[in-house]
Amino acid sequence: MSKAAPHKRRRVETGTDLCQVIAAPIVWSLHFLACYVWAAIHCEKAGRMADLDPARTGIFVLTGIALALIGFNTLRLWRIRARSLTDDDFDYDHDTPEERHRFLGHVALMLSVLSGVGVIYVAIPAVLVGTCR
Amino acid sequence: MTDAATREAQERRLEKTWETPKGFAYWSDVNNTSVGIWYIVTAFAFMLFGGVLALIIRAQLAVPEAGLVSADTYNQVFTLHGTVMMFLFAVPIFEAVAILILPAMLGARDLPFPRLSAFGYWCFLIGGVFVCGSIFFGIAPDGGWFMYPPLATEQAGIGADIWLLGLSFIEVASIAAAVELIVGVLKCRAPGMHINLTPLYGWYVLVVGGMILFAFPPLIAGDLLFELERLLDWPFFDITRGGDPLLWQHLFWIFGHPEVYIIFLPAIALLAMIIPTFSGRPIVGYSWIVLSALGTGFLSFGLWVHHMFTTGLPSISLGFFSAASEAVAIPTGIQLFAFIGTVMLGRAQRSVPMIFCLGALATFVAGGLTGVMVAVAPFDFQVHDTYFIVAHLHYTLIGGMLFPTLAGVHYYFPFFSGRLLSRRLGIWSFWLMFTGFNVAFLPMHLTGLLGMPRRVFTYGADRGWSELNLVSTAGAFLFAAGFLVFVWNCLKSWKYGEDAGHNPWKAGTLEWLSPSLDIGMRSIPDISHRYPLWDDPDIVRRSLEAEGYLPDAEEGKRETLVTTVLDATPVQVLRVPGPSFVPMVAAVGLGGLFILSTFHFYWTALASGLLYLAAQIWWLWHGAAPIPEKTEKDVGNGLVLPLYRSGPQATGWWAMFITMTGDATAFLALVFGYFFFWTVHPEFPPEGSVTPGMFWPAAAGLLTALAWGLTLAARLRNAAGAVTTARFLLGLSVAATLAAAAAFALGPLTRGMDPTSHSYPAIVGALVLWVMAHLLAGAIMQGYCLARSLAGKMTPDYDADIWNVTLYWHFTLFAGLVTAAVIGFVPGAQ
């Protein structure tokens, strides 16, 4: 197979698209919102002195689900991981659909990592805070 | 290859087609270059006004117990200062700059909806003059730029109404710009400009446009509730009748925090264009900047409660927002490191734009660091509502927005005026502003730590704040002097500045390709590089010698290319409308509706609203999706493209989709209001409440579904060629829609719900009003399609109108069903 093969192979508008790029941050948003809403409703209904444990369990389960989804996304994108056709770096400035696919794959992969870090950040307060005070 | 004479004739036709109107008709122009310049000048005019207000604040605070202005006037001055700077300068300047430079940067002749840009501009101008003008009559808003209830809902006078209605009107302009810019970036890039070759500015605009769609609508929903409380006494925020002032804070800050990034990202997008030029190399870490911009866009929505750390929320809630506030520093930091890396790896060239860039980075980093400090809740408890916060927010806004914007003005001045700004005056203005800014705001950190609260109109000499305040005031005037030098530089150089010539900064991006503003570029070249002017030396010649696309305007129509989202393959020639006064008339009508309502002149307001509606329909009827005289045309290089597209291939469909996404967000913010009340009340609806029952909400939901089904069926039948059936279905759908609207109203009305009695009937009323307004608009659209079909302007082949209306109906169906379920079927509501 010649070196130029990939860019001949990929058809326009196929491969990684913008929806895949924002998938992981959307998981982060939903996780963030669900944790906040769950804890807020629990504390409002149970009172300020209440134990946070029921909500904490929920938050840990949600965090597990979110990390699993992001992990799955990361694994899927990991398979794309490919360097730029132009200089074998992460600059992705070649003008083919294949390069665009690789570029968006890289952006999506790194956003997955950022979203994973974001999800863990959001879960930390639930580890440390035990009541609704 | 075309000969010189043909090329000259083509160029003349292009220039005539895109010519800016002369005389009074100049104000009917809709071309992005004219509208962009008006927008920038107006935003800076408001900024100067806001700056004068800032100087009044500083003069009043220079010495203890000063009597320059009264406490009442001071309240109006600081409220208006914040409001003007945020809503009339920081956000609009993004829209202004983007409208001006984006098409050229992407290789488009104009943005896809030029009249929408013009409409947005006139909304902005009218709303801005209205809000600013109020202070000259002593009736300006005075409750702080975030208008917290209960103070703002219960105070007399019309200040708060001016704030609410004036700004709601300006928000319309922002959403219009977001629609325009998102579609522009996604669909109007030059052929070959794959999304990985798009200039970073385009990426930032895309992210910020998306953020506007999710950030502004909650504020619009909040404004609606707020105004219903002020005008009709519906108690959404009145705790004695089941309301909660915190609901406003949530809705305001769900808007307010992302807004900080809506301001910041487009400004540093300018740095992403300027720094590579003056470093003489491509940006370092293009893909990292893109992902960081996207990441910042998302994470910035998880920060809003950090403005509410002292409202008594549970510490777990504070923890979530504190964590997200720290997390957002990661992508923000990546972007700044990429910029610094570009400067380090390149050969930095001394220039005025660059000095502003470096000043911006230094200032913003300082503001970012205090941001990390105040993201820590216990520290925030100490400094909340003190001058520490004033210092922090000015460091982020001036470092993150003002200095980058001034860098952008210096950089792009030759682009839109053909002249260079004076370098000497530029350096003077920078150092005066940079020094003045730090002298003014650095001491404020200390003033705040010493306990000086925000918004006080004076203070006692024994507090120990006197010297620091005097220094801050001196700095503020120094800063103002620097800004005046900048203004003088612009005014002087506009006429007498040095001729810039072609591409004066030797930049690499496409906006510097062509010397002509009106036509954009002589012909639209194929793009194969991220910095085409650096890497494709032949591109200027190809464009100028008409070897690109659309080198001619044979039919005398304004045209630009539509390309695909990912790989920018050309798919359509888009005909964009030319000069017209209609956007201005529509803006005057809509402005009248908002402004006259403030003064409770309801009948005149209604008349003004009808003027808006008439103008809007006229605009669509004559301007939107006209049937072309032929199906396709040759755009050059043997490429033949269709002139008309409908459905998801059409830019209009995308515009509708984007608008309705924002609209759905506002609706969800109202639904959030309902469930917020459900959360804070032990029982909601409270026991014994009068409810709309199940019958009418169920009937309303079913009728909405019927109206939606009829509209969809009309589209399908029309496409299948059964025009008469389609018309019949459209007629029926109007009747079903009106019946649905009536059914929504009948639930609360027949049960005698009193929206002034409690927050429950009030929020039900708000949801019903929202969905009824959408149904009425939906009925007008169905009638419009029927009329278009009867007039022969909508046919089975040319059916963009009904595609867009059906799309609107998908969203209306969602809103109708959710509303019916919430008011009729939530436990306790029956």
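So that the names make sense, note that chain A is the first sequence line, chain B the second, and so on, each numbered from 1. All values derive from a computational prediction rather than experimental measurement.
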Structural part of B:Trp288 lying under 4.5 Å from a heavy atom of chain A
side chain

I need the contact set between residues 107-115 of chain A and chain B: heavy-atom distance under 4.5 Å, sorted by residue number.
A:Val107, A:Met110, A:Leu111, A:Leu114

Heavy-atom closest contact (B:Thr679 atom, A:Ala40 atom, distance):
CG2-O, 4.4 Å

Structural part of A:Ile124 lying under 4.5 Å from a heavy atom of chain B:
neither

Mind ranking B:Ser322, B:Gly319, B:Pro282, B:Gly192 by heavy-atom pairs under 4.5 Å with chain A and telling me who comes out on top?
B:Gly319

Please list, in residue-number order, every residue in residues 22-31 of chain A that has a heavy atom less than 4.5 Å from any heavy atom of chain B; write 'none' if there are none.
A:Ile22, A:Pro25, A:Ile26, A:Trp28, A:Ser29

Restricting to non-hydrogen atoms, name the atom on A:Phe103 and the atom on B:Ile195 that form the minimum distance, rounded to 0.1 Å.
CE2-O, 4.3 Å

B:Ser528 and A:Asp95: which non-hydrogen atoms are nearest, and at how many Å?
CB-OD2, 3.0 Å

Contact origin within A:Val21 toward chain B - heavy atom pairs under 4.5 Å:
side chain

Test item: B:Phe301 and A:Phe32 side chains (from C-beta on) under 4.5 Å apart, heavy atoms
no

Taking 4.5 Å as the heavy-atom cut-off, does anything in residues 54-74 of chain A contact chain B, and if so which residues?
A:Ile59

Which bit of A:Thr86 is near chain B, if near means a heavy-atom gap under 4.5 Å: side chain, backbone, both or neither?
neither

CZ/B:Phe337: more than 12 non-hydrogen atoms of other groups inside 6.0 Å
no

With a 4.5 Å heavy-atom cut-off (strictly below), which parts of residues 43-50 of chain A touch chain B? List them by number.
A:Cys43, A:Glu44, A:Lys45, A:Arg48

What part of B:Val305 lies closer than 4.5 angstrom to a heavy atom of chain A: side chain, backbone, both or neither?
side chain

A:Ala123, A:Cys35, A:Gly118: which one forms the most heavy-atom pairs within less than 4.5 Å of chain B?
A:Cys35

Should the pair B:Trp304 and A:Tyr36 be assigned to parallel (<30°), tilted (30 to 60°) or perpendicular (>60°) ring geometry?
perpendicular

Counting heavy-atom pairs closer than 4.5 Å to chain A, which one of B:Leu197, B:Thr564, B:Leu318 comes out on top?
B:Thr564

Evaluate the side-chain proximity of A:Thr16 to B:Leu566: yes if any heavy-atom separation is below 4.5 Å, no if none is.
no

Hey, are the side chains of B:Leu186 and A:Leu18 touching, using non-hydrogen atoms and a 4.5 Å cut-off?
yes

Criterion side chain to side chain contact (heavy atoms under 4.5 Å, CB included) on B:Arg530 and A:Asp91, from CA distance to verdict:
CA-CA 10 Å; B:Arg530 199 172 282 158; A:Asp91 226 22; 4.0 Å; yes

Identify the heavy atoms of B:Ile330 and A:Tyr121 that sit nearest to each other, and give their distance.
CD1-OH, 4.2 Å

Honestly, the part of A:Val12 sitting under 4.5 Å from a heavy atom of chain B is both

Please state whether the side chain, the backbone, both or neither of B:Pro682 comes within less than 4.5 Å of a heavy atom of chain A.
backbone

